[in-house]
> 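This structure is in structure tokens; I'll ask about it shortly.
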Amino acid sequence: MTISYTLDVSQTNLQSFFSLLLRWRGSVWKAVFGQLAVWTAVFLMISCIYRYMLSPSQQDVFEQLVRYFDNKLDANIPLTFLLGFFVSFVVARWGSILNGIGWIDDASLLFATYIRGADEETRVIRRNLVRYLVLSQALVLRDISMQVRKRFPTMDTLAASGLMTHEEMDILDHIKDPYSRYWTSIQWSLNLVYECQKKGKVESYYLMNKIVDEIGKFRHGLASLLKYDWVPVPLVYPQVIFLAVRIYFMICLIGRQFIVTGSNPSGIDLWLPITTMVQFLVYMGWMKVAEALLNPLGEDDDDLECNYIIDKNLITGLSIVDTMWKHDDTGYSMVEEHMAKTPSQKKDEFWGIDKIAPLYSMESAERSVHPLVGSASKINLVKNKKEIVMTPHKNKLSELDPSEQKTYLRRVNVSDHNAKHAKQRGLERANSPDKCLSKMRSRSNGKFRTSANGSQNGVDLWTRAGDIEMNVAASNPNQVHPHSIAVFPPDEQQTTSRH
């Protein structure tokens with residue numbers, strides 16, 4: 001949850017300072033206290049061994065180690081420089097994620113202002129436009145945020161919560177896009193806006209484009225969230241920072257010990273290294289800032305309230321389009337549309353193919369890649385459950401009487417979801433990427449017979465599927481879809497083409 005302290009710093013006085021400093025949840029004390037206590041205990045244990053268990057000669061060796069480790073430690077490990085750059089980078093990234101999470105107010109105001117009509121059909125359209133945008137946001141966030149994934153562990157729970165209908169869920173289930181499906185509800189929104197313009201509910205193309213642009217901005221923010229989840233900060237960068245901070249204070253366990261014997265003892269023996277403990281609090285707290293902000297969509301104290309944002313967008317959006325609409329002339333005039341010249345339209349290479357598989361060279365296909373899917377999208381949180389009970393949040397329940405509470409209660413059967421999930425995981429285990437590529441390589445061990453004119457077995461490899469499907473005449477009568485060409489070993493004498 002996000003910890004709000006804005007009211008505590010509304011005035012710049014001593015009371016505000018202590019109100020801010022003495023907080024626990026989300027504070028530097030909570031983030032660092034446990035590690036500082038362990039570090040201090042280990043420091044005192046080493047000090048006791050040095051003072052009471054080592055012989056004088058061993059103490060001399062230990063004191064040499066103390067001087068060696070403490071010599072130019074801050075210069076050799078410049079924590080201020082390392083942490084400063086890293087935290088600045090992470091905070092900037094956090095700000096971009098916050099801006100991209102999506103706020104529906106602007107889009108709802110345009111829906112309410114430009115889509116005219118007080119009839120039931122128009123009201124349904126305006127409300128569905130809001131719901132579709134919130135649905136797209138929920139689909140994105142449940143793939144990248146454990147908060148939202150726990151709230152909507154299955155698609156059925158999205159339908160039960162009212163964000164989509166069962167008909168819309170069936171459509172989403174049949175979308176053949178393994179990466180994301182949030183764009184589907186965006187497309188529904190754009191189709192509705194276009195239909196409104198055709199029916200005269202939106203007065204001009206100019207106003208329609210204003211609405212479309214606002215929907216595009218909302219979609220762009222959601223796409224940026226997916227990109228931040230798919231492509232995190234390069235692993236070596238946080239590893240270097242987190243390792244440097246911890247190694248620094250591991251060295252301090254010996255390097256900051258007070259020397260109590262020999263010819264050059266420490267000037268004062270405090271037992272506890274107060275200044276080093278302050279350093280630990282500052283540097284470790286600084287590092288904890290970066291750790292918390294690397295993924296602000298998680299479940300730490302200061303992570304963004306994703307579920308609250310979904311609720312806020314739904315409630316605010318529906319309120320705007322239903323209660324803030326009034327029928328007035330806008331005064332906008334239609335803007336002439338100029339169409340750019342476009343290429344002739346043909347069927348694409350993947351026409352009629354449900355499972356699209358873009359091609360790679362055999363060498364480049366060997367490279368392992370991180371799949372661009374949400375980090376939480378494959379987690380099944382209802383594996384051992386038969387149903388999920390859906391209810392409003394406890395804060396809302398307190399505002400409802402018992403009869404109203406009962407109407408909101410939903411029971412969602414998750415048996416189908418678990419069966420689908422188990423089947424998918426079984427297929428993934430049985431067909432690992434390396435195993436499948438190995439099979440493909442064994443099938444292609446036979447060399448291709450390629451003629452001098454660039455054809456294989458008398459077939460032009462690069463005939464476009466669109467030319468064939470659209471019955472466009474080709475120079476070679478044996479042209480076929482390049483994806484359907486068979487591989488023949490060198491000893492086969494007959495040529496065959498698959499259509």
Side-chain angles (χ1 to χ4, degrees), residues 100-142 152 155 158-177 180-223 225-226 309-335 337 339:
I101 203 167
W103 307 96
I104 206 170
D105 305 54
D106 290 344
S108 299
L109 289 169
L110 292 185
F111 299 156
T113 305
Y114 295 154
I115 299 178
R116 299 289 173 176
D119 56 289
E120 183 176 330
E121 179 190 10
T122 308
R123 285 188 59 205
V124 169
I125 289 174
R126 284 196 295 264
R127 291 175 66 87
N128 280 343
L129 284 171
V130 170
R131 184 169 59 82
Y132 287 155
L133 294 189
V134 177
L135 173 60
S136 66
Q137 185 178 51
L139 288 172
V140 169
L141 290 177
R142 74 185 292 269
F152 303 120
M155 296 294 283
L158 281 170
S161 68
L163 290 182
M164 66 177 172
T165 65
H166 287 285
E167 178 188 357
E168 292 161 357
M169 185 178 69
D170 291 338
I171 295 173
L172 283 172
D173 285 340
H174 286 87
I175 298 294
K176 305 296 182 181
D177 185 350
S180 62
R181 292 178 290 179
Y182 78 97
W183 52 264
T184 308
S185 52
I186 297 290
Q187 184 63 58
W188 296 340
S189 300
L190 296 175
N191 288 342
L192 279 178
V193 172
Y194 181 72
E195 289 297 323
C196 286
Q197 202 285 323
K198 286 182 65 178
K199 293 178 180 179
K201 298 179 186 297
V202 178
E203 292 187 351
S204 69
Y205 280 109
Y206 175 77
L207 298 182
M208 184 190 76
N209 288 336
K210 292 274 287 183
I211 298 174
V212 168
D213 288 345
E214 197 58 46
I215 294 174
K217 289 179 184 178
F218 192 85
R219 188 214 65 82
H220 179 76
L222 297 180
L225 291 184
L226 286 173
I309 293 171
I310 292 174
D311 295 345
K312 186 266 179 194
N313 279 341
L314 181 65
I315 295 171
T316 301
L318 293 179
S319 299
I320 289 174
V321 298
D322 236 18
T323 61
M324 299 300 291
W325 186 85
K326 62 179 181 179
H327 186 79
D328 283 326
D329 293 333
T330 61
Y332 285 108
S333 60
M334 184 172 180
V335 177
E337 182 182 5
M339 297 295 292

> Please check: side-chain N/O of N313 versus main-chain N/O of V134, any donor-acceptor pairing under 3.5 Å?
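No; zero donor-acceptor contacts below 3.5 Å.
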> Going by the rule salt bridge (charged side-chain N to carboxylate O under 4.0 Å, His left out), which residues pair with D105 if we only count those two or more places apart in sequence or in a different chain?
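For D105, the residues satisfying salt bridge (charged side-chain N to carboxylate O under 4.0 Å, His left out) (neighbours in sequence not counted) are K312.
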> First locate atom CG of L226, then atom CG of L141, and finally report the distance between them rounded to the nearest 0.5 Å.
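So the gap between those two atoms works out to 8.5 Å.
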> Given side chains that start at C-beta, do those of F218 and S189 come closer than 4.5 Å, heavy atoms only?
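No. Closest side-chain heavy atoms not under 4.5 Å.
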> Do the side chains of W183 and I175 get nearer than 4.5 Å, heavy atoms only?
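Yes, their side chains come closer than 4.5 Å.
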> Using side-chain contact (heavy atoms from CB on, under 4.5 Å), reason through D106 and K217 one step at a time and then give a plain yes or no.
CA-CA 10 Å; D106 290 344; K217 289 179 184 178; over 6 Å; no
> Name all residues meeting the side chain to side chain donor-acceptor pair (under 3.5 Å) criterion together with R219; count only those two or more places apart in sequence or in a different chain, and write none if there are none.
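So R219 forms a side chain to side chain donor-acceptor pair (under 3.5 Å) with Y182.
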> Taking the side chain as every heavy atom from C-beta outward, state whether E214 and L133 have any atom pair closer than 4.5 Å.
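A side-chain contact under 4.5 Å is absent here.
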> Got a donor-acceptor contact below 3.5 angstrom from the Q137 side chain to the L222 backbone?
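Side chain of Q137 to backbone of L222: no pair is present.
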> Enter the distance from L225:CG to H220:NE2 here, rounded to the nearest 0.5 Å.
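The NE2 atom of H220 is 10.0 Å from CG of L225, to the nearest 0.5 Å.
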> Hey, are the side chains of V321 and L109 touching, using non-hydrogen atoms and a 4.5 Å cut-off?
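A side-chain contact under 4.5 Å is absent here.
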> Can you spot which of L318, I320, V130, I309 makes a side-chain contact (heavy atoms from CB on, under 4.5 Å) with I104?
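Output: one option passes, namely V130.
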> Kindly indicate whether the side chain of L207, heavy atoms from C-beta on, has any atom under 4.5 Å from the side chain of Q197.
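Contact flag for L207/Q197 side chains = no.
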> Quick one: CD1 on I171 to OG on S185, what's the gap to the nearest 0.5 Å?
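With rounding to 0.5 Å, CD1 (I171) is 11.0 Å from OG (S185).
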> How far apart are the C-alpha atoms of N191 and Q187, what are their side-chain angles, what is the distance that settles it, and do they pass the side-chain hydrogen bond (donor to acceptor under 3.5 Å, both in side chains) test?
CA-CA 6 Å; N191 288 342; Q187 184 63 58; 3.1 Å; yes
> With a 4.5 Å cut-off on side-chain heavy atoms, are L172 and M164 touching?
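M164 reaches L172 side chain to side chain.
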> With sequence neighbours excluded, tell me which residues meet side chain to side chain donor-acceptor pair (under 3.5 Å) with T184.
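Partners of T184 by the side chain to side chain donor-acceptor pair (under 3.5 Å) criterion come out as none, since no residue qualifies.
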> Using side-chain heavy atoms (C-beta onward) and a distance below 4.5 Å, is I211 in contact with I115?
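Yes, close enough: below the 4.5 Å cut-off.
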> Begin with the C-alpha distance, continue with both residues' side-chain angles, and end with the deciding distance and a verdict on side-chain contact (heavy atoms from CB on, under 4.5 Å) for I315 and S319.
CA-CA 6 Å; I315 295 171; S319 299; 4.3 Å; yes
> Could you grab the distance from atom CZ of R126 to atom CZ of R116, nearest 0.5 Å is fine?
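These two atoms lie 9.0 Å from each other.
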> If we ignore hydrogens and angles and just use 3.5 Å, is the side chain of R131 paired with the main-chain N or O of L163 as donor and acceptor?
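Yes, R131 side chain to L163 backbone: donor-acceptor pair under 3.5 Å.
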> Is the closest side-chain heavy-atom distance between I215 and L110 below 4.5 Å?
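Not touching, per the 4.5 Å side-chain cut-off.
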> Report the distance from atom CD of E195 to atom CE of M208, rounding to the nearest 0.5 Å.
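Reported value, rounded in 0.5 Å steps: 11.0 Å.
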> Counting neighbours of CZ on R181 that are heavy atoms of other residues, nucleotides or ligands and sit closer than 6.0 Å, is the number greater than 12?
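Count over threshold, so yes.
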> Would you give the length of the straight line joining atom NZ of K199 to atom OG1 of T122, rounded to the nearest 0.5 angstrom?
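These two atoms lie 8.5 Å from each other.
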